[in-house]
Amino acid sequence: MPELPEVETIKKGLAKSLKHKQVKDVFVYTDKMVKVGAGKISNIKKGSKKLTKDFVNGLKNKKVLKVERRAKYLIITLSNNYFLVIHLRMSGQLIYRRKKQLHQPILLSVAKNATKEKLPSKHTHVQISFKDGSQLFYNDTRQFGHLRLVNQKELIEVFKTSNLGPEPLTLSFAEFKKISQINKNKRAKDFLLNQTVISGIGNIYADESLFLSKINPTRKISSLIEQQLKTLHTNIKKVLNKAILAGGSSIETFLTTNGSSGKYTEKHLVYGKVGKPCPVCKTKLVSKKIGSRTSTYCKHCQK
DNA sequence: CTTGCGACCTGTTGGC
DNA sequence: TGCCAACAGGTCGCAA
């Protein structure tokens with residue numbers, strides 16, 4: 001679920017809930033979900049008892065100083081210059097519960113399968129308890145995400161290796177134009193999804209931005225005139241900002257990272273709407289695989 | 001260098 | 001109703 005707006009929403013929630021809390025204990029139920037140090041994910045993918053032990057011991061007694069987002073990553077700054085870097089991939093969720101909520105199911109906003117269940121659940125892989133009795137659960141049905149504990153030097157290395165492109169929300173048009181020239185041979189959809197070009201946009205917001213901009217996802221970037229680039233640049237920000245507002249409004253005291261819990265789902269114009277009429281011209285929306293991801297768009301409006 | 005595809009996982013959905 | 005292929009908000013590695 002999580003693209004930039006969802007991760008941003010979670011970041012805000014975590015910043016509020018976790019700040020100044022001190023870790024009391026950590027339980028790891030699935031070794032491969034946790035990493036320590038800057039190694040490539042694939043190299044430390046399988047996990048081990050030793051890594052888990054290092055992860056747990058490294059977190060114990062640390063205080064949460066700050067929560068930030070970079071692209072689709074969450075970065076939790078801990079005391080002693082340690083950092084917890086989390087990527088939720090397709091199905092990761094962070095669920096925070098205060099002490100008095102712990103043993104009762106909570107209705108999590110409008111999340112689809114929302115965690116009414118008892119925690120830890122079947123899909124809880126990591127559980128962090130704080131000294132005030134509150135807890136943070138990392139749930140992930142598909143197990144693609146990870147939590148990584150690093151020191152400052154390793155943090156820098158991790159992000160250097162990942163080679164992320166600029167944040168779309170603070171990207172100037174001049175910069176956007178520059179990267180579109182560098183990546184002029186890419187199709188518009190590939191351009192938006194490529195995290196080394198621009199970071200944080202995923203399949204939903206790529207399709208939504210292209211629809212608003214009346215640009216066909218297969219269109220080569222080099223064929224766009226300046227005005228179209230401007231429109232796209234503006235619409236990316238518009239879509240992301242609106243989604244952040246919607247996500248933020250639906251999440252109150254606690255969080256789920258289930259993107260479908262945000263109210264923005266109701267506002268999707270094309271994503272997930274193959275066969276439905278285009279909201280502008282009523283032509284049936286079509287879908288097509290582009291770069292192994294499904295794109296949904298209007299053949300009539302998007303040229 | 002790029003493109004394209006399988007792999008990583010589990011759960012849900014839609015067509016027959 | 002039941003089965004099972006196809007698909008899901010992401011990324012990585014590998015082969016061509």
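Order of the sequence lines fixes the chain letters, A, B, ..., with proteins taken first and strands second; residue numbering starts at 1 for each chain.
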Those residues of residues 282-296 of chain A lying under 4.0 Å from DNA chain C by at least one heavy atom = A/Lys289, A/Arg293, A/Thr294
Any sub-3.5 Å donor-acceptor pair from A/Glu208's side-chain atoms to A/Val270's backbone N or O?
-> yes
Reckon A/Lys72 has a side-chain N or O less than 4.0 Å from the OP1 or OP2 of C/dG9?
-> no
Closest nucleotide among B/dG11, B/dC8, C/dA8 to the A/Tyr271 side chain | C/dA8
Does A/Phe144 lie flat on the base of B/dC8, that is, centres under 5.5 Å apart and planes under 30° off?
-> yes
Candidates C/dA8, C/dG10, C/dG9 - which lies nearest the side chain of A/Arg142 | C/dA8
Determine whether the side chains of A/Thr196 and A/Asn163 contain a donor N or O and an acceptor N or O closer than 3.5 Å.
-> no
Of all pairs that satisfy ring pair (Phe, Tyr, Trp, His ring centres under 6.0 Å), the ones with a partner from residues 4-40 of chain A, not counting sequence neighbours | none
Atom CG of A/Asn185 and atom P of B/dT3: how far apart are they, to the nearest Å?
-> 8 Å
Apart from A/Val150 itself, its cluster of hydrophobic side chains linked below 4.5 Å comprises A/Tyr73, A/Ile75, A/Phe83, A/Val85, A/Leu155, A/Val158, A/Phe159, A/Leu164
From the options C/dG10, B/dC9, B/dT2, select the nucleotide whose nearest atom is closest to the side chain of A/Met90.
-> C/dG10
How would you list, by chain and number, every residue that makes a side-chain hydrogen bond (donor to acceptor under 3.5 Å, both in side chains) with A/Ser222, sequence neighbours excluded?
-> none
Residues passing the side-chain hydrogen bond (donor to acceptor under 3.5 Å, both in side chains) test with A/Ser287, sequence neighbours excluded, are none
With sequence neighbours excluded, tell me which residues meet ring-ring contact (aromatic ring centres under 6.0 Å, His included) with A/Tyr271.
-> A/His268
A/His123 side chain: which of C/dG10, B/dT2, B/dG11 is closest?
-> B/dG11
Taking only residues two or more places apart in sequence, or in another chain, which ones meet A/Asn81 in a side-chain hydrogen bond (donor to acceptor under 3.5 Å, both in side chains)?
-> none
Separation of C/dG10 C1' from A/His146 NE2 (nearest whole Å) | 11 Å
Can you name the residues that form a side-chain contact (heavy atoms from CB on, under 4.5 Å) with A/Lys230, not counting sequence neighbours?
-> A/Phe173, A/Glu226, A/Gln227
Candidates C/dG9, B/dC9, B/dG11 - which lies nearest the side chain of A/Lys122 | B/dG11
Between C/dT11 and B/dG11, how far is it from one P atom to the other, in whole Å?
-> 22 Å
In whole angstroms, how far is the P atom of B/dC9 from the NE2 atom of A/His87?
-> 17 Å
d(CD1, A/Ile198; P, C/dT11) in whole Å = 14 Å
Whole-Å distance, A/Asp140 CG to C/dG9 P, equals 15 Å
Rounded distance in Å - CG (A/Leu74) to P (C/dG10) | 15 Å
If you restrict it to nitrogen or oxygen atoms, what contacts under 3.5 Å exist between nucleotides 13-15 of chain C and the protein, and what is each distance?
unit_1	atom_1	unit_2	atom_2	d
C/dG13	OP1	A/Ser42	OG	2.3

Integer-rounded Å distance: C/dG9 C1' and A/Glu8 CD = 17 Å
Determine whether the side chains of A/Asn216 and A/Lys189 contain a donor N or O and an acceptor N or O closer than 3.5 Å.
-> no
Under the ring pair (Phe, Tyr, Trp, His ring centres under 6.0 Å) rule, what pairs show up with a residue in residues 275-303 of chain A, not counting sequence neighbours?
-> none
DNA chain B in dot-bracket form (Watson-Crick or G-U pairs under 3.5 Å, [ ] crossing, | inter-strand) is .|||||||.|||||||
Set of residues satisfying side-chain hydrogen bond (donor to acceptor under 3.5 Å, both in side chains) with respect to A/Thr283, sequence neighbours excluded | none
NZ of A/Lys189 versus C1' of C/dG10: gap in Å, rounded?
-> 13 Å
Would you tell me if any nitrogen or oxygen in the side chain of A/Gln195 comes within less than 4.0 Å of OP1 or OP2 on C/dT11?
-> yes
